[in-house]
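Below is one structure, written out as structure tokens; the observations come after it.
Being a predicted model, the structure only gives us computed values, none of them experimental. Note that ligands are numbered from 1 as they come in the structure, with each ligand's atoms numbered from 1 the same way.
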Amino acid sequence: MPRGFFITFEGPDGSGKTTQLRRLAAWLESEGRRVVTLRQPGGTALGDRIRSILLDSRSEATHGPIAPLAEMALMFADRAQAIHETILPALEAGSIVLCDRYTDSSEAYQGAGRRLGSARILAMHQAVCDDLQPDLTLLLLPSLDSSLERARRRNKRTAQQKGTDENRFEREDDDFYRRIHHAYEVIAAREPQRVAAIRDDAGIDQIETRIREIVAARLPAKVS
Ligand code: TYD
């Protein structure tokens, strides 16, 4: 059975990766490819419950602050479920899986942001995810200033429109986001084969074109 192709999207909050993921999915489908999309945390019924614990700042009123190691473990519980329920079955069926965030996010946010260290995250990945690595990671890394600004604007809008409050991470200070940014740079330098970094602040359409070029060059023709 042909194995599919596993692509993850990474970047700081507000880097525009969700938009790019949707556009790539639409393009691949228009090319006749079978595509499965998901986001982390979330994407499964269990994952959506974990997501609301992790991201809703109001949930802290119920259970108090989440300890950094508990946060890490919840991210990986979510990921393990998504691998089991969605990612592996889709890859085994020969689909292209597009995942909005994956273990690089844990390395950046929990490893660097919460200062748990990369080694612990990578060990957890090996233990809980059987070390399942993406075939390709598209890392959208705009300047720190512009990604911070976009994240804050988006968060305010979400709270106003939907009455939801997924802003636990946006409450963090600029140093937290600086560490995340730097961690992504380190990951990209460490794994240039897997990680394609798109560093500039080009417009949405130019970034979309770049992503198509990168994906077209990497995607095996036999994947359907
Ligand atoms: P989300 O609303 O999906 O944000 P974005 O559109 O920026 O991806 O929220 C996901 C948040 O969870 C984001 O702030 C990053 C954080 N996160 C981690 O801290 N660790 C992880 O392993 C993952 C997957 C996400």
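For ligand 1, the atoms lying closer than 4.0 Å to a non-hydrogen atom of Asp13 are 7 (O), 13 (C), 14 (O). Atoms of ligand 1 lying under 4.0 Å from at least one heavy atom of Ser106, given by number and element, are 21 (C), 22 (O). Atom numbering of ligand 1 starts at 1 in the shown order; those under 4.0 Å from a heavy atom of Leu55 are 9 (O), 10 (C), 11 (C), 12 (O). When each atom of ligand 1 is checked for a heavy atom of Gln40 under 4.0 Å away, the hits are 24 (C).
Grouping Ile, Leu, Val, Met, Phe, Trp and Tyr by side-chain contacts under 4.5 Å, direct or through others, puts Phe76 with Leu69, Met72, Leu116, Ile121, Met124, Val128.
Where the criterion is an N or O separation shorter than 3.5 Å, residue side chain and backbone included, Asp100 fails it with respect to ligand 1. Taking distance alone, with nitrogen or oxygen atoms compared against 3.5 Å, Arg39 stays at or beyond that limit from ligand 1. For ligand 1, the polar-atom distance check finds no N/O of Tyr102 at less than 3.5 Å from any of the ligand's N/O atoms.
For the pair Asp175 and Arg178, the salt-bridge criterion is met [side-chain N within less than 4.0 Å of a carboxylate O]. Between Asp78 and Arg101 there is no salt bridge, since no side-chain N of the basic residue sits under 4.0 Å from a carboxylate O of the acidic one. For Glu31 and Arg212, the salt-bridge test fails: no basic side-chain N is under 4.0 Å from an acidic carboxylate O.
By the criterion of a heavy-atom distance under 4.0 Å, the side chain of Lys17, and not its backbone, is placed next to ligand 1. At a 4.0 Å heavy-atom cut-off, ligand 1 does not touch Met72 at all. Neither the backbone nor the side chain of Thr103 comes within 4.0 Å of ligand 1, counting heavy atoms alone. Residue contacts with ligand 1 for Arg79 involve side-chain atoms from C-beta outward but no N, CA, C or O (heavy atoms, distance under 4.0 Å).
Panel note: side chain Asp131, backbone His125; no donor-acceptor pair is recorded below 3.5 Å.
Within the structure, every pair that satisfies the salt bridge (charged side-chain N to carboxylate O under 4.0 Å, His left out) test and touches residues 60-73, not counting sequence neighbours, is listed here: Glu60-Arg168, Glu60-Arg171, Glu71-Arg114, Glu71-Arg168.
The closest side-chain heavy-atom distance from Leu138 to Val215 is below 4.5 Å. A 4.5 Å side-chain heavy-atom check between Met75 and Pro41 finds at least one atom pair inside the cut-off.
Nearest residue to atom 20 (N) of ligand 1 from Arg51, Arg101, Gln110 is Gln110 (criterion: closest heavy atom).
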